[in-house]
Amino acid sequence: MTAYELAKEKYAKYGVDVEAAINTLKNAPVSLHCWQGDDVIGFDHEGPLTGGIQTTGNYPGKATTPEQLLADMDKAMSLCPGKKKLNVHACYAIFPQGEFVDRDKLEPKHFKKWVDFAKERGMGIDFNPTFFSHPKVKDGLTLSSPDKETRDFWIEHGKACIRISEYFAKETGIPCVMNIWTGDGYKDIPADRMGPRQRYKESIEAILSEPFDKNLVKPCVESKVFGIGVESYTAGSAEFTLSFAATHDGCLPLMDNGHYHPTEVVSDKIPALLCFYPEIALHITRGVRWDSDHVLLLDDETKEIAKEIVRNDALDRVYMALDYFDASINRISAWVVGFRSWQKALLMALCTPNALLKDLQDKGEFSKLMVVSEEVKMLPFGEIWEHYCETEGVVAGAEWFDEIVKYETEVLAKR
Ligand code: RNT
Ligand code: ZN
């Protein structure tokens with residue numbers, strides 16, 4: 001008997017079907033964010049990243065052209081098991097030499113290279129209007145600005161992004177999740193908290209008035225508790241976005257687990273939302289003390305988030321996307337560590353005897369529930385992970401990093 005077969009038997013004793021778990025995971029898409037590859041810069045402007053988010057670090061070799069970024073993503077994905085989807089920001093438009101249009105005038109053709117890339121690999125694409133790093137961000141505000149011209153520019157951008165999202169969905173045959181996040185807010189105590197939110201609401205409504213097929217485009221609103229430079233107030237707070245999504249048909253709430261007070265956990269919010277929303281979306285990240293967007297690891301809350309999706313049978317109701325950006329380490333390894341960590345968390349959740357544990361809870365057998373929960377943690381998960389990686393054609397151990405070192409020497413170091 002192989003080590004894998006022995007491990008599988010141990011799981012079976014708890015009623016867990018490991019093969020079924022692996023097959024389920026193979027069909028659950030996870031969106032890989034293009035912006036880890038170039039520190040959230042994109043191709044449509046020269047300047048730095050501004051607007052309530054920040055990268056730190058200056059590790060050499062970052063991608064500065066579409067060709068480099070696509071090659072780097074390819075490398076990262078080749079080292080990850082599981083089903084992938086691309087997550088693209090509008091600032092990653094690819095213009096032919098010498099051509100440029102501003103964000104309110106973007107068209108599907110500016111993303112054709114992304115579509116070609118995705119189609120060749122059988123992947124879908126998620127999309128994000130980019131409401132930051134742009135001169136039209138006025139006093140830190142976009143869709144909630146008191147200035148009508150500013151709002152109108154960004155509404156036009158949002159509408160253009162809906163058209164592009166629909167194009168992605170039609171081309172790939174896979175629905176496109178389009179996430180609206182802005183850094184709109186104030187550094188210091190606002191004199192008016194409702195005005196900006198009222199304008200934000202009307203602006204998002206104007207964007208969503210662009211006609212689209214709800215089966216193809218899944219617009220989301222992402223909340224945030226604060227951002228760099230907007231520490232005192234954000235227009236798109238948790239209550240704002242949740243209420244917006246609840247009252248606008250076809251609009252999903254998106255929770256980024258870096259966007260809450262440090263003792264709040266998204267794992268507990270997922271089942272609450274699933275009682276009301278047919279579908280929700282997530283940005284999976286790791287905050288260290290604050291919304292620091294560190295690389296995702298297999299830590300307790302990551303495992304807990306995966307558990308809530310899996311044990312509520314909601315893999316087809318929760319759109320999962322990674323969202324972090326570390327410029328201080330090899331960016332490709334950052335992608336891979338995060339993606340693999342999330343795969344591990346999902347596989348662990350799928351290999352947990354969820355039905356048994358729920359039953360113990362419902363019967364009020366809390367002593368046994370605690371005992372079994374703790375013993376289950378000792379099951380030989382490593383063997384299952386190794387087998388899963390093998391069937392996906394990627395290495396299970398840390399040797400994948402050798403590939404990164406090779407790529408760094410042969411490709412990144414020459415940039
Ligand atoms: C920022 C939000 C947002 C961004 C991306 C780049 O705090 O998390 O999702 O990270 O849109
Ligand atoms: Zn996010």
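None of these values were measured; they are calculated from a predicted model. This chain uses plain numbering: 1 for the first residue, then up along the sequence.
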For a quick check under 3.5 Å, do Asp291 and Tyr260 share a side-chain donor-acceptor pair by atom type? no
Would you call the rings of Tyr4 and His387 parallel, tilted or perpendicular, where under 30° means parallel and over 60° means perpendicular? parallel
Quick one: does Leu216's side chain get under 4.5 Å of Phe168's, heavy atoms only? no
Under 4.5 Å between any side-chain heavy atoms of Asn128 and Met178, yes or no? no
Measure the shortest side-chain to side-chain distance between Ile280 and Leu274 over non-hydrogen atoms and say whether it is less than 4.5 angstrom. yes
Restricting to pairs with a member in residues 32-43, which pass salt bridge (charged side-chain N to carboxylate O under 4.0 Å, His left out), not counting sequence neighbours? Asp39-Lys62, Asp39-Arg331
Taking the basic N atoms (NZ, or NE/NH1/NH2) and the acidic carboxylate oxygens, is any pair closer than 4.0 Å for Lys112 and Asp116? yes
Determine yes or no for a side-chain-to-main-chain donor-acceptor pair under 3.5 angstrom, with Glu231 supplying the side chain and Gly229 the backbone. yes
Indicate yes or no: at least one non-hydrogen side-chain atom of Val30 is less than 4.5 angstrom from one of Leu346. yes
Is there a donor-acceptor contact under 3.5 Å from the side chain of Thr409 to the main chain of Val405? yes
Thr391 side chain reached by Lys26 side chain, heavy atoms, under 4.5 Å: yes
Mark yes or no for whether Thr172, through its side chain, and Gly124, through its backbone, hold a donor-acceptor pair below 3.5 Å. no
ring-ring contact (aromatic ring centres under 6.0 Å, His included): which pairs involve residues 50-95, sequence neighbours left out? Trp35-His89, Phe43-Tyr92, His89-Phe132, Phe95-Phe100, Phe95-His110
What closest approach, in Å, do Pro81 and Lys84 show between heavy atoms, and which atom pair accounts for it? C-NZ, 3.9 Å
Mind checking whether Tyr324 and His33 have ring centres under 6.0 Å apart? yes
Side chains of Thr64 and Gln68: donor-acceptor distance under 3.5 Å anywhere? yes
Kindly say whether Cys351 contributes a backbone atom to a donor-acceptor pair with the side chain of Tyr11 at under 3.5 angstrom? no
Donor-acceptor under 3.5 Å (Thr247 side chain, Phe244 main chain): yes
Ignoring hydrogens and angles, tell me if any N or O in the side chain of Arg197 forms a donor-acceptor pair with the backbone of Thr234 under 3.5 Å. yes
Return yes when atom CG of Asn58 has more than 12 non-hydrogen atoms of other residues, nucleotides or ligands closer than 6.0 Å, and no otherwise. no
Between the NZ atom in Lys406 and the CD atom in Glu408, the distance rounded to the nearest 0.5 Å is 13.5 Å
Quick one about Asp102 and His134 (side-chain donor to acceptor, distance below 3.5 Å, no hydrogens or angles considered), yes or no? yes
Side chain to side chain donor-acceptor pair (under 3.5 Å) partners of residues 154-170, not counting sequence neighbours, each pair once: Arg163-Glu210
Is a side-chain donor or acceptor of Arg317 paired with a backbone partner of Tyr277 at a separation under 3.5 angstrom? yes
Approximate separation, where rounding is to 0.5 Å, of Ser78 OG and Lys75 NZ: 4.5 Å
Could you check whether any side-chain heavy atom of Glu365 comes within less than 4.5 Å of a side-chain heavy atom of Val372, counting everything from C-beta outward? no
Member of Ile125, Leu70, Leu69 meeting the side chain to side chain contact (heavy atoms under 4.5 Å, CB included) criterion with Cys34: Leu69
Does a side chain donor of either His283 or Thr285 reach within less than 3.5 Å of an acceptor in the other side chain? no
Does anything in residues 199-226 pair up under ring-ring contact (aromatic ring centres under 6.0 Å, His included), and if so which pairs, sequence neighbours excluded? Tyr200-Phe240
Atom CG of Asp313 with >12 non-hydrogen neighbours under 6.0 angstrom: no
Exceeds 12 heavy-atom contacts within 6.0 angstrom, atom CG of Asp249: no
In this structure, which one of Leu273, Asp268, Val266 forms a side chain to side chain contact (heavy atoms under 4.5 Å, CB included) with Ile270? Val266
Test side-chain hydrogen bond (donor to acceptor under 3.5 Å, both in side chains) applied to Tyr407 and Asp72, step by step: CA-CA 9 Å; Tyr407 191 74; Asp72 291 358; 2.6 Å; yes
Before you tell me yes or no, could you show the steps for Asn23 and Glu19 under side-chain hydrogen bond (donor to acceptor under 3.5 Å, both in side chains), namely the whole-Å CA-CA distance, both residues' side-chain angles and the distance that decides it to 0.1 Å? CA-CA 6 Å; Asn23 284 333; Glu19 298 279 336; 5.4 Å; no
Taking only residues at least two apart or on different chains, which pairs with a member in residues 337-357 satisfy side chain to side chain donor-acceptor pair (under 3.5 Å)? Gln343-Tyr388
Leu86 versus Ala118, closest heavy-atom pair with distance: CD1-CB, 4.0 Å
With sequence neighbours left out, the residues meeting side chain to side chain donor-acceptor pair (under 3.5 Å) with Asp126 are Ser31, Lys85
Keeping Arg103 on the side-chain end and Thr130 on the backbone end, is there a donor-acceptor pair under 3.5 Å? yes
Minimum heavy-atom distance Asn312-Pro271, with the two atoms named: ND2-CB, 3.9 Å
Checking Glu301 against Ser267: is there a side-chain donor and acceptor pair closer than 3.5 Å? yes
